[in-house]
Amino acid sequence: MRRKAFNLYSTHLKQRFGGRVHKLSVDAGFGCPNRQGGRDAHGCLFCAPGGSGAVSIERNQSIALQLERSKQLMRRKYRAKWFIAYFQPFSNTFGPLAKLRHCYDQALAVEDVVGLAIGTRPDCLPPETLDLLAEYHQQTYLWLEIGLQTMHNRSLDFLQRGHDYRCFLDAYRQAKERGVRVCVHLILGLPGESREDILATAAEMARLKVDGVKLHLLHVLQGTPLGELYQQGQVPMLEMQEYVELAVDFIERLPPETLIQRLTGDGPRDILLAPLWSMDKWEVLNAIDDELRLRGSKQGDKYQSG
Ligand code: SF4
């Protein structure tokens, strides 16, 4: 049994909805501005051909059908009762408002879908889109998931993200002004980032009091520009224990109320080049628990408010 020395999202969902809630990934067909508006061009250095967070989704089916099929699976596997439709791959606010509304409404019309999680980039959140999200925030349980990865502009440049930290700050501020819950995606172990750099990002997330974070480790995937650099020996990777210690350092610096939505990642196995240790997700999660236990610490222990 994992000790909960941090504010776990799944526990929060269970308490809020009174039963097991599972996120179901859905691909609504959006493109990405960093892939020349489509899906085929290269975008961020690490992004898989099928989009970041590419998972086994039946992409050519309607939103409703994708959700219905995953629902049956998750009911059998995890006895999930309720579901959150997670618009995951590519940039799910990149489109005209009518299309966004149409997609989100289709998901909410599926039985037992109690909320939405919408993954996107900071430069895909103009005021009118944020107004729309604020509307959904009023009517359902909504999370806006913004891919940031790091607060350091030199790393954002290296990753070819196509936006800077200021862009994130503007989008974040405007989302919070509208009351929208925000989860920030971050990558630990970026080439050229020291422990101090990573902890500076943690301190910044703490300063902003973000509602949730997803911590990812850097995955190197085949078919990506990062994969090519890796094969040329130009991408140093973290060992598992290094990642575990950084993740714990990060958690300790977050406010106790920030929801931890993810502590590691499991990249698509068929195209994963490194780190191969990440394939055993439970080993990583257990090692994080062990590290917290060993330190006798918990989320918030090194949080500096003010
Ligand atoms: S913003 Fe997301 S979908 Fe677009 S290229 Fe980067 S990681 Fe891929």
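Indexing begins at 1, ligand by ligand and atom by atom, following the structure's order. These figures come from a predicted structure and were not determined experimentally. All residue numbers refer to positions in the sequence shown, counting from 1.
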Just which atoms of ligand 1 are under 4.0 Å from any heavy atom in [X]?
X: Arg121; answer: 1 (S)
X: Cys44; answer: 1 (S), 5 (S), 6 (Fe), 7 (S)
X: Cys47; answer: 3 (S), 5 (S), 7 (S), 8 (Fe)

**Message:** Measuring from non-hydrogen atoms of Arg161 to any atom of ligand 1, is the shortest distance under 4.0 Å?
**Reply:** yes
**Asked** Does a donor on one side chain sit under 3.5 Å from an acceptor on the other, for Asp105 and Tyr136?
**Response** yes
**Pair Glu239, Gln241: side-chain N/O donor-acceptor within cut-off below 3.5 Å** = no
**Request:** Report yes or no: is the cationic atom of Lys99 (NZ for Lys, CZ for Arg) under 6.0 Å from the centre of the six-membered ring of Phe30, at an angle within 45° of the ring normal?
**Result:** yes
**Prompt:** Which of these passes side-chain hydrogen bond (donor to acceptor under 3.5 Å, both in side chains) with His185: Gln261, Gln149, His216?
**Reply:** His216
**Item:** Atom pair OH/CG of Tyr172 and Leu144 - distance to nearest 0.5 Å
**Value:** 10.5 Å
**Request:** Output yes if Cys32 passes the N/O/S-under-2.8 Å test against atom 4 (Fe) of ligand 1; output no otherwise.
**Result:** yes
